[in-house]
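Whatever order the structure lists ligands and atoms in, that order sets their numbers, starting from 1. Only heavy atoms go into these numbers, but all of them, side chains included; no hydrogens, no water, no symmetry mates.
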Amino acid sequence: MATDQTMHGVPPSLSARVVGSFAYLTVRDRLPTILTKVVDTIHRNKNKFFEEYGEVGIQAEKQAISLLSKLRNELQTDKPVLALTDGLPDTDSWNQYLERQQRLQGDQEPVSWFKSPWLYVECYMYRRIHEALLLNPPISDFDVFNEGKTQSFTESSQAVMSLCTYLEGIKNNIDELSKNPLFEHFSKLMQVSLWGNKCDLSISAGQENSQKTSPLDSLYSLLPFILVDDTKRVWSALISAQRPRESGKNNADRVDIVLDNAGFELVTDLVLADFLVSSGLARQIHFHGKSIPWFVSDVTAKDFQWTIRQAMATNHKWVSKCGVQWQRYLKEGMWCYHDHPFWTQPHEFCDMAADAPDLYTTLQGADLVLFKGDLNYRKLTGDRDWEHTVSFETALRGFGPATLCSLRTLKANIQVGLQPGQGEKLTSQDPSWMTSGKYAVIQFHNPKSE
Ligand SMILES: O=P(O)(O)OC[C@H]1O[C@](O)(CO)[C@@H](O)[C@@H]1O
Ligand SMILES: [Mn+2]
């Protein structure tokens with residue numbers, strides 16, 4: 001049996017097996033910290049559970065905490081990864097994935113936290129957190145990450161106001177704008193959405209991480225930190241979408257946004273989506289979120305609805321106007337929200353066509369798919385130890401349901417599609433360039449043109 005290392009000449013998965021690597025430090029330090037915070041959050045909500053469910057709520061709180069403490073112990077002592085027992089629709093698929101990992105790893109050692117692919121064990125931890133709550137019915141629906149997500153939104157209120165005010169300004173004369181200024185606005189809002197990805201809560205192990213200043217003011221000074229900028233290619237894809245349109249224009253029919261974090265980042269994505277629709281660059285937007293709480297700050301359906309309601313209720317003319325508009329887009333079907341279970345599984349995206357063919361077919365209906373954030377980039381590239389000069393296309397390993405673009409700030413030590421020498425130069429200037437969130441890429445791929 002081929003091991004992961006030798007499989008078809010593809011580089012090995014990043015793993016905590018490499019002592020001192022970012023994966024190692026994450027599994028050793030960051031993940032246990034996140035688990036400790038989860039336990040603390042549940043404990044702090046004890047009274048609430050009692051008020052809502054009485055003694056049963058308290059029992060559930062205790063039991064969930066005990067399962068989570070056990071999980072933290074398994075992780076810290078590098079115990080074998082266990083099969084899930086909660087009988088959810090995706091349980092079998094997770095357990096089959098465990099068997100698959102075991103086959104790839106060979107029979108010598110069990111799949112475990114420090115020996116197996118980082119992407120897999122990190123996803124698995126979030127699925128086990130979900131299991132710990134799910135097995136304790138009255139509190140099954142409790143989102144342990146909710147507080148941090150709502151806080152990130154609230155603390156970014158200044159930035160949200162300036163962004164919505166900017167959008168209102170564009171929309172005021174959007175019909176008169178010629179191509180050039182429209183492109184300028186598009187490019188700016190892509191960058192705002194890109195840098196919005198700095199505000200995730202997983203990399204900071206749940207520490208407050210919001211946007212305090214106007215995101216538009218700093219765009220120019222941040223330009224040198226965008227290592228790959230394919231904005232023009234994304235623009236061309238939007239204005240010359242493949243399918244002919246009744247209007248005679250060839251603008252895109254549908255753009256899909258695979259969301260990442262709630263809080264400020266989600267607002268930047270909603271503003272970009274609003275701009276795409278109101279400028280006529282796209283007719284519909286399909287958002288893809290997570291069906292369970294994921295990687296601390298990722299968007300769930302609840303977060304999505306909450307954010308829009310919150311915007312509507314904000315005491316600021318342009319923020320509330322945006323909120324009302326977004327609600328209307330949803331009601332009228334120009335926007336819709338999906339949460340396929342594949343997004344909360346550990347697969348590399350090159351497995352999607354085989355393992356989630358329905359989702360792959362759904363994405364094929366888009367003219368452009370925007371993938372937000374670092375975790376999506378890790379899944380696009382398989383979270384493997386690629387050379388920096390390997391092309392994005394090679395790293396995608398055949399994944400290409402539609403024209404796609406990744407908007408990602410670098411928070412894991414993987415980056416492809418760089419110029420020869422670029423990675424080495426960055427390493428000498430700033431050794432943490434791949435993990436600090438200071439650098440970013442807007443990286444595009446058109447499966448039909450290569
Ligand atoms: O929200 P994002 O951009 O996907 O970032 C989350 C990142 O933080 C980390 O969880 C840190 O371990 C990475 O695994 C992950 O890539
Ligand atoms: Mn995230």
Side-chain angles (χ1 to χ4, degrees), residues 13-16 18 21-35 37-38 75 113-114 116-127 129 143-146 148-149 152-153 193-207 209-211 257-269 287-300 303-304 307 339 343-346 348-349 370-384 405-416 432-443:
S13 305
L14 299 178
S15 163
V18 181
S21 66
F22 188 68
Y24 172 81
L25 296 173
T26 297
V27 177
R28 193 192 65 179
D29 303 332
R30 200 157 336 109
L31 301 189
T33 307
I34 289 172
L35 283 173
K37 289 207 168 141
V38 168
L75 186 162
W113 295 88
F114 284 80
S116 300
W118 170 33
L119 176 63
Y120 170 53
V121 297
E122 194 171 23
C123 290
Y124 171 79
M125 181 187 88
Y126 289 96
R127 183 60 180 78
I129 295 174
D143 179 349
V144 290
F145 302 123
N146 185 59
K149 290 186 276 193
S152 155
F153 176 86
S193 165
L194 171 70
W195 293 115
N197 182 242
K198 257 191 178 174
C199 303
D200 86 275
L201 294 171
S202 164
I203 193 82
S204 58
Q207 286 296 329
N209 196 4
S210 52
Q211 174 76 32
I257 304 182
V258 183
L259 296 168
D260 186 1
N261 303 304
F264 182 67
E265 182 173 357
L266 176 58
V267 176
T268 66
D269 299 333
F287 295 98
H288 300 268
K290 309 294 194 291
S291 53
I292 63 172
W294 196 247
F295 277 69
V296 189
S297 38
D298 286 15
V299 177
T300 63
D303 303 325
F304 190 79
T307 305
D339 53 8
W343 302 120
T344 45
Q345 295 204 332
E348 308 173 38
F349 287 161
L370 298 176
F371 286 92
K372 290 297 315 282
D374 195 65
L375 178 62
N376 277 325
Y377 192 81
R378 291 173 58 194
K379 289 184 163 191
L380 284 164
T381 55
D383 209 36
R384 291 172 180 277
C405 179
S406 158
L407 297 167
R408 170 239 185 179
T409 59
L410 278 63
K411 288 175 280 188
N413 51 337
I414 176 162
Q415 183 56 54
V416 298
S432 63
W433 66 280
M434 275 188 283
T435 53
S436 60
K438 213 167 119 188
Y439 294 85
V441 292
I442 298 178
Q443 205 159 19

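- With respect to the Mn ion (ligand 2), D260 has OD1 as its nearest N, O or S atom.
- Heavy-atom contacts of K411 reach the following atoms of ligand 1: 2 (P), 3 (O), 5 (O) (cutoff under 4.0 Å).
- Interface atoms of ligand 1 facing N261, defined by a heavy-atom separation under 4.0 Å, are 1 (O).
- By the criterion of a heavy-atom distance under 4.0 Å, the side chain of T26, and not its backbone, is placed next to ligand 1.
- Using bins of under 30°, 30° to 60° and over 60° for the plane-to-plane angle, the ring pair F304/F287 lands in the tilted bin.
- A donor-acceptor contact shorter than 3.5 Å is absent between the side chain of K372 and the backbone of G196.
- In terms of N/O distances under 3.5 Å, ligand 1 is not approached by S297.
- Atoms of ligand 1 found under 4.0 Å from any heavy atom of R378, numbered from 1 in the order shown, are 13 (C), 14 (O), 15 (C), 16 (O).
- Ligand 1 places these atoms under 4.0 Å from at least one heavy atom of F295: 10 (O), 14 (O).
- In terms of heavy atoms, S152 sits closest to G263 at OG-CA, 3.4 Å.
- Contact annotation: N261 places an N, O or S atom under 2.8 Å from the Mn ion (ligand 2).
- K438 places no side-chain N or O within 3.5 Å of a backbone atom of S432 that could act as its donor or acceptor partner.
- Of the N and O atoms on the side chains of Q443 and Y377, at least one donor lies less than 3.5 Å from an acceptor on the other residue.
- The closest approach of D298 to the Mn ion (ligand 2), by N/O/S atoms, is made by OD1.
- A donor-acceptor pair is defined here as one N or O able to donate and one able to accept, closer than 3.5 Å; such a pair exists between the side chain of D303 and the backbone of T300.
- Contact between S193 and T268 at its shortest, heavy atoms only, is CA-OG1, 3.4 Å.
- Ring centroid separation for the pair W294 and F145 does not come in under the 6.0 Å cut-off.
- Using the six-membered ring where Trp is involved, W433 and Y439 have ring planes that are perpendicular, over 60° apart on the 30 and 60° scheme.
- Residue contact check: W118 has heavy atoms under 4.0 Å from atoms 12 (O), 14 (O) of ligand 1.
- When the heavy atoms of V27, D298, D374, L14 are ranked by distance to atom 7 (C) of ligand 1, first place goes to D374.
- Only the side chain of E122 comes within 4.0 Å of ligand 1, judged by heavy-atom distances.
- Using a distance-only test at 3.5 Å, with no hydrogens or angles considered, no donor-acceptor pair links the side chain of D143 to the main chain of P293.
- Heavy-atom proximity to R30, at under 4.0 Å, picks out these atoms of ligand 1: 11 (C), 12 (O).
- Within ligand 1, counting atoms from 1 as listed, the ones closer than 4.0 Å to a heavy atom of G373 are 3 (O).
- When N197, V296, D260 are ranked by how near their heavy atoms come to atom 2 (P) of ligand 1, first place goes to D260.
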